[in-house]
Amino acid sequence: SDTSGYLYISDTQTNRIYKVQLSTGVSWSLSNSITWPNGLFFDRRNNRLLVASNVTGSPLWDVNTSTGDATAATTFVGEFDAMDEDNRHNLYVSWSGTGNVYRFDSSLSGVPTLLRSGHNQPEGICFNREHSILAIPNMFGHTVDLIPCNVDVWAEFYPVSGWAPVNVACTGNSIFSDASYEWDFGDGHTATGETAVHEYAAPGNYDIIVRAITPQNDTATRVYPRQV
C-alpha cells in the first residue's frame, strides 16, 4: 500500500494492475501495459510503484500511480518475481528461473549485486527490518531460506599456528560479495583485500583484526587472537 490509502494488486493472467481505495473498497484498473506483472513494491521514499515482470529481458518498471504509465526503473533486465527493501533502502529482487537473488542500491542504477544463488524457484521475498533477515520462499521444495543481511565478517587462516618466522595466509568472508576487507595484524602491519599473506618475524601474542566494508559503508569487525 502507499501513503495515501491505496493498495495495489497485480493479476498476471490479464496483465492488469489494480488500484484499491482502502477506505471504500472501490477498485479500478490502473495499468495493463506490463506483461505478467508478478511482483509489486511501493517505494514510499520515492513515492513510486515498482513492478517486477516475469518475462525474459524485462527491467523493473516504475508505474505512475495516477496515469498508469510505465517507464523502466532499471537498466539491468531479467525475469523478476518479487521485491522488498531493507532499512537502507537497498532493494532485493528474486529471479526464480535462475534461483538468484539480487540486491540493488537505493538508486536502482547499474548492475545489482548477486547476493545469493541456488534457491529453488524463489518466488517471493520478505525483508525483516527488525532482525535484518531476508526470507526467501522456494516454490519447489516448500522451504523458506532465511538469509542474515546484517554485515558480518569471519576469517580463515593457514597455518592455524606455527613458529616464528611464519607466513600466515588470511582469507576474509562475508555474505556480501562486494565487500572490501582491511587487515590489522597486531604487529604494526596492515593490508587490504579479501586475501592477505603476512609474515610474523618474532614470537608473541597477536590480535588479527579483519574488517569488512560494503559499498554502502556498513562495516563489521572481528578479532582473532593468535600465538606465534
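Heavy-atom basis, side chains included; hydrogens, waters and symmetry copies ignored.
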Within the 6.0 Å centroid threshold, strictly below: F185 and Y206: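 When the ring centroids of F185 and Y206 are compared, they turn out to be at least 6.0 Å apart.
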[X]: which residues meet the salt bridge (Lys or Arg N to Asp or Glu O under 4.0 Å) condition with it, sequence neighbours left out?
X    : answer
R45  : none
R211 : E182
D84  : R129
D62  : none

Counterpart residues, side chain to side chain donor-acceptor pair (under 3.5 Å), relative to [X] (two or more places apart):
X    : answer
R226 : none
N120 : none
N38  : D81
Y102 : N100

Side chain to side chain donor-acceptor pair (under 3.5 Å) partner of D69, the single match among T71, T65, T67: T67
Closest non-hydrogen atom pair between E123 and A82, with its separation: O-CB, 3.3 Å
Report the residues that fulfil ring pair (Phe, Tyr, Trp, His ring centres under 6.0 Å) with [X], sequence neighbours left out, ordered by chain and then residue number.
X    : answer
Y18  : none
H89  : none
Y158 : none

Neighbour count above 12 (heavy atom, 6.0 Å) for W28 CH2: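 Atom CH2 in W28 is packed in, count exceeds 12.
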Full working for ring-ring contact (aromatic ring centres under 6.0 Å, His included) between F127 and Y92: CA-CA 8 Å; F127 191 89; Y92 298 84; 5.4 Å; yes
Connected hydrophobic set around I9, excluding itself, where side chains approach under 4.5 Å: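 I9 clusters with L7, V20, L22.
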Nearest-0.5 Å distance, CG of residue L115 to CG of residue L134: 7.0 Å
Full working for side-chain contact (heavy atoms from CB on, under 4.5 Å) between L30 and Y8: CA-CA 9 Å; L30 175 66; Y8 301 90; 4.0 Å; yes
